[in-house]
Every structure is written in structure tokens, then in C-alpha cells.
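Atoms within each ligand, like the ligands themselves, are counted from 1 in listed order.
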Amino acid sequence: MRALSGLAIISLASLAVCKPTARNMRVLGRRDSAPSGFTLKGAASPDSVLNLRIALAQSNPAGLEEALYDVSTPSSPNYGQYLTKEEAAQFIAPSTETVSVVNGWLAENDLNTTSLTPAGDWLGFKVTVAQANELFNADFNVYTAESTGKQTIRTLTYSIPAQLEGHLTVVYPTVTFPKTGLLKPVFSSVKARRSEDIRSRSDDVASSCADTITPSCLQSLYGIPTTAATDSSNKLGVSGYDDQYANKADLEQFLQEFRPDVSDTTSFSLETLDGGSNSQDRDDAGVEADLDIQYTVGIATGVPVVFISVGEDNSDGDLDGFLDQINYLLDQDSPPQTLTTSYGDYEPDIPEDLAYNLCNAYAQLGARGVSLLFASGDGGVSGVQSESCYDFVPEFPSGCPYITSVGGTTGVNPETGVYFSGGGFSNYWGTPSYQASDVASYISYFGNTYEGRWNKSGRGFPDVAAQAENFDIVYEGSVETVSGTSCASPTFASVIALLNDELLAAGKSPLGFLNPWLYSTAASALTDITSGDNPGCNTNGFTATTGWDPVTGLGTPNFDALRTAAGL
Ligand SMILES: *[C@@H]1O[C@H](CO)[C@@H](O)[C@H](O)[C@H]1NC(C)=O
Ligand SMILES: *[C@@H]1O[C@H](CO)[C@@H](O)[C@H](O)[C@H]1NC(C)=O
């Protein structure tokens, strides 16, 4: 009750209705109500301990963006001259003024923090609910997630002292509720298949491609080499969340069935954080993890694959995992040159400042030469999954302009945008210059259809696409078929990893942040997909057409042409 001393003449009546510190506080986060699916249980115990994180204002995000484009744009003299860890972090490191203002406040309140990033832009600390309510004029309550019964402590509003305004941009998780709807494969057609069915068709790749997708079908369709990559410094990272474990016995069986030309002992390495693990009990296998590992190890032949399993320790919300993983990679001197992630969230569910902060972390990795690929979502224009909506719902992080978003296709003759392919326009980020003319052409084609439901000045996604329906995987010992843009992202990432292998072997820089290259030199090296749409929100969604479109992006890979576009 520190501020009370100066307020001695305020009447008791007014003290009763407003907190004494309110006049010096500025609201930083607020929501009208808990998201649907959560019910208020009651006040949180004052002694419960919260893991809070604060984000400090970044000193020069515009400089980071400029540096990112400078090293990622083929026409730039600095193309491929990637930044070091320290150089990238410097743009993001808070200014000395910000550090001193925030440190003053931390000391005044006796808070001990841990720095969570190399740049020092995130600090973590533990406080009791009572302290947090006092520090942030908050009202932390217990909410129950109806679907899981899991309890979570959140507030609907919080404030910071006026002197921190502009220096402290986010207190997390506060108003950000956990999500249970992270991007997962769509189980539209899971069915076990008998082994004889597979063998009888294995000599006819084209017809198997039209029915179910296998590594050999993708190799044939996209011209992906089957010979083994050779560069051991090349790494392809696969993100694992949500206690999804990649099973080695499933991978071995998958290789026996679908890549008889490579050793069935070919495997992957494991990195873990936040108490992540990779249980090899076959019952613990995760469909998403099995899919992602089988279509990286099984396509990026010979490329060292690393499964990065993010656990839930130290985690009080799903975005903790995203934050921790990216900070874990930023801390590495040599992060994987390619990373594929088949998880995402609804953009409107992520507070804007937190979204910008994460997106800038992706920009740092891009500036250091890392290609980040994310699945574009499985709900068409309605977001991560199919949902009822009026306005189209963009996905995060697909709306972030510093990553490559991968949409989905189906069929081979012609290859068509698949109905669930997530696509649209961000409300948080404007159209970046690398795609400005492509997006303008699309908007002039699509005109005013569904006007007002999507943002004509937003960053358009996806950037590219790959097959996404009826992938054969081995899951808990049997062959099953799965669909989703979760299939497309590992496939496209494998293509990039194989190109990087050749670049590194030739003594050249890896491809790094892909988009400026994709939208210029490499655009004609992709197969333009000109049919299909992505319905959602009770509409037909967007329609694929000639050139870039928000269903299939610029198109699907043509390995030989991409190799030439990469200067090989
Ligand atoms: C913070 O750290 C200092 C020095 O390690 C310690 O004396 C103090 O008790 C800590 N304060 C809290 C609130 O944990
Ligand atoms: C549309 O996108 C622009 C650019 O990011 C943004 O400034 C604007 O607020 C968005 N409009 C809506 C309605 O969200």
C-alpha cells in the first residue's frame, strides 16, 4: 500500500471504489471477457505463485527489418551475408534508458528477474497473486477450461505505472488465455491400410500420387532428389509441442514401407527444452510428430534432422512454448538452417504487442540465415481449424511477414488448392514490399468479393504450397492416412534443406529468409496452382488463380528449377 501515504486527504468513500494507485497507472492489456470455453471459478488464492514475463521495448525493430531484407534479397549486394547472433540481437536489445527505467521499477518492488533472451528484451520473474494484483492493478482469477477441466489463472485487465509506458510493452500471460486449438493434422480420412494395398501400387508412382501421398510420389511430382545429402553442418529442425512424441519404431517401419532405398536405421537427433522429452513407448507416439518426422527424414534424404521437443515446464500458456523455443534457438551459435513448425494460433487471440515481439524474434533468426516455415492452417479463411465466423480469421504466425507460410494442395492433374488451406491477410502486419505487386494483382482479380471481411492492406499468406491431403504415415505400427497443411510444411522444408545441402557443399550461403527470393528470382521456379478455393465463415473463401493467391501462394516446388534459382 505504498502510494497510500501521499493520499491522506482522499475521502474513504473514494478509496472504497478506486484503487489508490490507479491514477498513476496506464492500462496495458484488457479484454471484455474470458474467451468462450472458459468459466470463472473464483478469485485466485493470494499465495498462488505466477510465472510472469515482461517484454521491454526493442530499440530498433525497423533496423532489424532493414538488415533482414538486406541479407535476404537476391538483388542486394549483401545477399547471403548473414548477421551474427550478437549483430542481430543488438537491434532488439532495449535502450539503456529503457533498461534503467525498468530496473528502477524492479528494484523498487524487490523483483528478481531472469533474462530470457540473448538480447535482454524478455525478463521472467515469479510473484504471488497478491503481489501481481498490486503491481499491475490486476484482478487475477481462476478460470476453468470447459473441454479439459484444466484451471488457469488470468486477469481481464492489467496496468503498468505511467513511467514504464513505452518501456515495458507486454506482461505475459495476464490477459492471454491458453489455447487448446493449436494446429494439428485434420483427421478427415484417417484409415488403416493393408500392406498389400501399398505394395500392389508401388510400381505405379503417378497413380499412387493421385490416391495417397508417399515420399516416392512427392519425389516424382516435385523432382525431389532421392540421393543422399552430404553436408553434415546442414540441419533441418522439426518443432514438437503439446506432448507430441516422434516415435523411432514408427519411423523405421515407415522407411521400410516407403523408402526401401535408404537404411531403415536412419533417424533424427533430439533437443529438448522446458522439460520436453520424446518417450519411445509406442502408445505415446503423436500423429503430428510422426508425420513431421517421417516427411522430413523420409524426404530430405541424408539431411541431419533434429526434433526439438518443447515441454510444458515453466509454462503457463501455449505461447510460452513458442517464446521459449525461439529464444532457445536465438541463443544457439549455429541454429538449424531450416525449421518447420506445424502449430499455430488465431491471430486475433494473440495480443498485438506479443505478436510483434515474436515476429521480430523470427526476423532475428532470418537475419542470421535461418529459413522458418509454418503450416498455414487447416480452416480455410476461418483460421487454424474450421470455425464459425463472419470476418475472415488470419493465422499466427502466418501473418508475420518474416516467416514462410505453407498452404496445401491436392491432386496431380491438375494440382489444385485444397479446401482447408489456410490463407488470407493479416490485420497486424501490412503488405511487405516483397509481395506488394503480387498481392495487388490478386486484389484486382478478386475485387470486392466479401469486402470488409478481409484486410486489403494486410500481409497476404500463404507464400507457397505443397501436397496436404491423404499422406500415408506409420502411426503406432499401422499405416494411416492424414491430411492438413501439417503435411505441406515438412515437405516444403525438406526441399529447402536439400537445396541448402547443395549450397553449403558448394561453399555458398544457405537460403535464409526465403520470401524476398521466392517472390523474385524463384517465383518462376514454382508451379503456379490456378484452381481451388478455401471456404470458411460461410463463404467460398478465396479462389486460386494465375500468380500469387491466398490459397496456394506462389505455388508448389519444382526442384530442378529451384536449384537453378538458387544459383546452383
Ligand atoms: C532477490 O535476490 C537477492 C540477492 O540474491 C536476495 O537477497 C533477495 O531476497 C531476493 N528477493 C526476492 C524477492 O526474492
Ligand atoms: C488492416 O491491416 C492494416 C495493416 O496492417 C492495419 O493497420 C489495420 O488496422 C487492419 N485493419 C483492421 C480492420 O484490422
Checklist entry - Is the shortest distance from atom 7 (O) of ligand 2 to a protein heavy atom below 4.0 Å? => result no
Checklist entry - Is G430 in polar range of ligand 2, meaning some N or O pair under 3.5 Å apart? => result yes
Checklist entry - Would you call the rings of Y450 and F446 parallel, tilted or perpendicular if under 30° counts as parallel and over 60° as perpendicular? => result tilted
Checklist entry - Which atoms of ligand 2 have any heavy atom of S457 under 4.0 Å away? => result 1 (C), 2 (O), 3 (C), 4 (C)
Next on the checklist: Ring-plane angle category for F396 and F322, please: parallel below 30°, perpendicular beyond 60°, tilted otherwise.
Outcome noted: tilted
Checklist entry - Do the two ring centres, one from Y362 and one from F374, sit under 6.0 Å apart? => result yes
Item to check | Atoms in ligand 2 flagged as close to W429, the criterion being non-hydrogen separation under 4.0 Å | outcome: 5 (O)
Next on the checklist: Give me the nearest non-hydrogen protein atom to atom 1 (C) of ligand 2 as residue plus atom name, then the distance to 0.1 Å.
Outcome noted: N455 ND2, 1.4 Å
Checklist entry - Relative to ligand 2, is F425 under 4.0 angstrom through side chain, backbone, both or neither, heavy atoms considered? => result neither
Checklist entry - Do S72 side-chain atoms and Y69 backbone N/O form a donor-acceptor pair below 3.5 Å? => result no
Checklist outcome for this item: Which of E395, R459, E347 passes side chain to side chain donor-acceptor pair (under 3.5 Å) with S426? It is E347
Checklist entry - Less than 6.0 Å separating the ring centroids of Y79 and W517? => result no
Checklist entry - Taking non-hydrogen atoms only, is N427 closer than 4.0 angstrom to ligand 2 via side chain, backbone, both or neither? => result both
